[in-house]
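For ligands, and for the atoms within them, numbers begin at 1 and follow the listed sequence. Hydrogens, waters and symmetry mates are skipped; everything else that's a heavy atom, side chains included, is used. On a predicted model such as this, the values are computed, not experimentally measured, just so you know.
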Amino acid sequence: MASKTAGKAATTPSPLTAAEAVVATLAAHGLDTIYALPGLQNDLLFEALFRFSDRLRTIHARHEAGAAYMALGAALATGKPQAYAVVPGPGFLNSAAALLTAYSMNAPVLALLGQIPEADIGRGLGHLHEIRDQAGIIKRLVDHAARIRKPQDASRATALALRAMRTGRPGPAALETAIDVWGQSARIAVQGPLPIAAPKIDAAAIRRAAKRLGAAKRPMIVCGGGAQDAANEVTALSAMLQAPVLGYRRGRGVLDSRDPLSVTLPLGRDLWGEADVVLAVGTRLLIQFRQWGVDRDLAIIRVDAEPAEHDRVQRPAVALFGDAKPILQRLIAELPAHNAKRAPRQDEMRERQARWRKRLEKLSPQIAYLEAIRAELPEDGIFVDEVTQVGFAARLMFPVYRPRTFLSPGYQDNLGWGFATALGAQHARPDVPVVAITGDGGFMYTASELATAILHRIPLTTIVFNDGAYGNVRRIQQERYGNRLIGSTLANPDFVAFAESFGAEAMRAGTPEELRRVLRRTLADRSGPSVIEVPVGAMPSPWEFIFMDKIRGK
Ligand SMILES: Cc1ncc(C[n+]2csc(CCOP(=O)(O)OP(=O)(O)O)c2C)c(N)n1
Ligand SMILES: [Mg+2]
């Protein structure tokens, strides 16, 4: 994925501070925004941001989690590297859940972290925001981390971090810089993007994969987040093989939901039980390995940017290592020579989806709200999921038409990620509307970022499903723990008055029809944020459709 300016020589050295060198390097890599929260250790970074404000906008948040989630949302919505900057110690720790989520979601997020004076790091003197072994904590959260120790290193260290974020399996990186190092200057050449070495595609493995897939009677494709940039290729392969494509959460939108071969849980499980060859693209296959099971009759062909992933549970029949897009392109070229003729499966899939859809009607309160949202959200609009009842149903049945338009928090499934992540997505994609759904529990994690949305005029629409509870927990306590309710009932503000007090547009919708009407208004208004409160009761459990029994290898 070498960019156009890859390998471009650094610009002529000019006197810059380390902070200016970092900021100029971000701009030279095409970043146009930094999500941030200021403080003493980073004052000179902000001084540099002021100087370069024509090239890099600073969007400041009300909590470091907000800044980091916004960078995450921007990265997920654009597929491009994004950055945030916070002070060390508490500032860094406040951002840590978002950094963890970026790691779990393979999202290219760069954390710029302050530090105490360089000479005192590790001495335990009790400097402002000092934390023991910050680098050690960072190392547990990201694969690439470094400390900028002198201005001459600043630009290259930034370019190396940005390259690491896009090399192999993408992911976050972190750079620490001490309070006194930010301001040191030198003649510094600003480093452009460094070339990214793509792994060589194994031609023999491509042929083996093409033969296996070509001979398959009931092939199937499973997509994860690593397939998001290979939608055209997955679509072509699905048609060539007549293979249904399963995408759940991170893999949704790779194959357009309107394609009859596009399936989600739980039909995906039935198909997994029947398949003889599975092409797994950029997915950990956790549900498949740990819930649905495998046996010797199933040949798995795995495409993954992370070599270690291939060996994690069970070595696949064919392991293809690298970015999905070029690998699938090679497979598409190789397949016709080996591909058997198969009967079209569209009608069969339509019928089987309809049957599952009937059973999913159990979730009709959630489904009715989702239908209202889908009816108003344009085809390229972005839906941001949360750990809430309507979100669980969305993962199963919300139609997704394009890649990167369904943002779901991956295996962290961390409550409270959604609102601030959606703000970042909307900020980075002002050209399309973004709708965040959230429970009353999840919304309050970062609701203070409404102030950020107002100040920076971010036209996000947020729908708060208010059941006065950590509803998911409450239902589990009711159903499994004899109704011994503890820690699951919530006192909430009047969400409409709350949002209005920030200056946001706010409304209440009591029914799916009303939600649809109100959404039409808020999606048309691009002047600032809107909040729609939807009062709801307890909702039916989705878990029977999500945690399903073994279907293979009994
Ligand atoms: C960071 C984090 N903390 C706790 C949880 C556990 N948890 C899962 S769902 C949930 C309640 C969600 O409440 P709300 O946002 O109101 O959604 P509802 O279930 O009521 O629709 C909790 C506490 C979690 N997933 N992530
Ligand atoms: Mg709730």
Side-chain angles (χ1 to χ4, degrees), residues 63-66 68-69 72-73 93-105 141 249-250 286 362-370 373 383-398 407-422 435-450 462-481 484-496 498-499 508-510 512 515 531-547:
H63 187 279
E64 283 86 359
Y69 278 125
L72 173 61
L93 292 181
N94 283 341
S95 78
L99 201 53
L100 170 70
T101 309
Y103 179 79
S104 312
M105 300 180 75
L141 295 172
R249 309 207 319 185
R250 302 270 291 122
L286 180 80
K362 192 195 149 193
L363 308 179
S364 56
Q366 293 96 310
I367 291 175
Y369 288 117
L370 288 167
I373 297 169
F383 178 97
V384 182
D385 177 30
E386 248 286 0
V387 191
T388 183
Q389 302 316 305
V390 177
F392 300 143
R395 299 167 189 186
L396 297 170
M397 57 69 60
F398 188 74
L407 308 185
S408 185
Y411 70 81
Q412 288 306 332
D413 229 357
N414 49 337
L415 185 63
W417 93 304
F419 174 58
T421 300
V435 168
I437 60 145
T438 174
D440 46 334
F443 181 57
M444 291 295 276
Y445 274 55
T446 61
S448 56
E449 301 301 347
L450 260 175
T462 304
I463 306 171
V464 183
F465 292 97
N466 179 9
D467 62 352
Y470 289 133
N472 202 57
V473 177
R474 182 174 60 184
R475 194 184 48 229
I476 289 171
Q477 290 173 349
Q478 287 165 337
E479 292 179 358
R480 291 189 215 155
Y481 297 98
R484 291 184 291 280
L485 303 184
I486 178 153
S488 56
T489 302
L490 300 176
N492 283 320
D494 173 335
F495 284 110
V496 171
F498 175 77
R508 196 166 278 118
L515 175 62
V531 174
I532 304 170
E533 186 199 357
V534 180
V536 293
M539 293 196 197
S541 169
W543 299 117
E544 69 195 78
F545 303 109
I546 294 170
F547 291 111

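- Under the 4.5 Å side-chain criterion, counting only non-hydrogen atoms from C-beta, Phe398 is not in contact with Gln366.
- Within a 4.0 Å radius of atom 6 (C) of ligand 1, the protein contributes no heavy atom.
- What sits closest to atom 8 (C) of ligand 1 on the protein, heavy atoms only, is Val387 CG1, 3.8 Å.
- Between the CD1 atom in Ile373 and the CG atom in Leu515 there is a gap of 5.5 Å [rounded to 0.5 Å].
- When all heavy atoms of Glu386 and Asn414 are compared, the closest pair comes out as OE1-O, 4.3 Å.
- Summarising the geometry of Gly537 relative to Asp467, their closest heavy-atom pair is O-CB, 4.1 Å, with the distance given to 0.1 Å.
- Side-chain contact between Thr438 and Thr388 is absent, with no heavy atoms from C-beta onward closer than 4.5 Å.
- Nearest non-hydrogen protein atom to atom 20 (O) of ligand 1 is Gly471 N, 2.7 Å.
- By the 4.0 Å heavy-atom criterion, Trp417 is excluded from the residues contacting ligand 1.
- Thr446 OG1 to Tyr69 OH: the interatomic distance, rounded to the nearest 0.5 Å, is 8.0 Å.
- Looking only at heavy atoms of the protein, atom 4 (C) of ligand 1 is closest to Tyr445 OH, 4.1 Å.
- When the heavy atoms of Gly416, Ala469, Gly442, Gly391 are ranked by distance to atom 15 (O) of ligand 1, first place goes to Gly442.
- Counting backbone and side-chain atoms alike, Gly439 contributes no N/O/S atom closer than 2.8 Å to the Mg ion (ligand 2).
- Of all atoms in ligand 1, listed by their number and element, those nearer than 4.0 Å to a heavy atom of Gly441 are 14 (P), 15 (O), 16 (O).
- With a 4.0 Å heavy-atom cut-off, ligand 1 is reached by the backbone of Thr388 and by its side chain too.
- Residues Phe498 and Val464 form no side-chain contact, since every pair of their non-hydrogen atoms from C-beta on lies 4.5 Å or further apart.
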- Task: List the steps and the verdict of ring-ring contact (aromatic ring centres under 6.0 Å, His included) for Tyr445 and Trp417.
- Result: CA-CA 8 Å; Tyr445 274 55; Trp417 93 304; over 10 Å; no
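- Here the shortest heavy-atom pairing between Ile437 and Val390 reads CD1-C, 3.9 Å.
- Within 6.0 Å of OH on Tyr103 lie no more than 12 heavy atoms contributed by other residues, nucleotides or ligands.
- Every atom of ligand 1 with a heavy atom of Gly439 under 4.0 Å away is listed here by number and element: 14 (P), 15 (O), 16 (O), 17 (O).
- For Pro540 against Gln389, the heavy-atom pair with the smallest separation is O-OE1, 4.5 Å.
- Sorting the N, O or S atoms of Asp440 by how far they are from the Mg ion (ligand 2) puts OD1 first.
- Considering both main-chain and side-chain atoms, Leu490 never comes within under 3.5 Å of ligand 1 through any nitrogen or oxygen pair.
- Atoms of ligand 1 found under 4.0 Å from any heavy atom of Val473, numbered from 1 in the order shown, are 10 (C), 22 (C), 23 (C).
- Among the atoms of Phe392, none of the N or O lies under 3.5 angstrom from an N or O of ligand 1.
- When only non-hydrogen protein atoms are considered, atom 23 (C) of ligand 1 lies nearest to Leu415 CD2, 3.5 Å.
- When Tyr470, Phe465, Phe443 are ranked by how near their heavy atoms come to atom 13 (O) of ligand 1, first place goes to Tyr470.
- Checked against the Mg ion (ligand 2), the N, O or S atom of Asp467 at the shortest distance is OD1.
- Taking every non-hydrogen atom of Asp467 and a distance limit under 4.0 Å, the qualifying atoms of ligand 1 come out as 20 (O).
- Ion pairing between Arg395 and Asp413 holds under the 4.0 Å rule for side-chain N and carboxylate O.
- Ligand 1 has an N or O atom lying under 3.5 Å from an N or O atom of Asp413, backbone or side chain.
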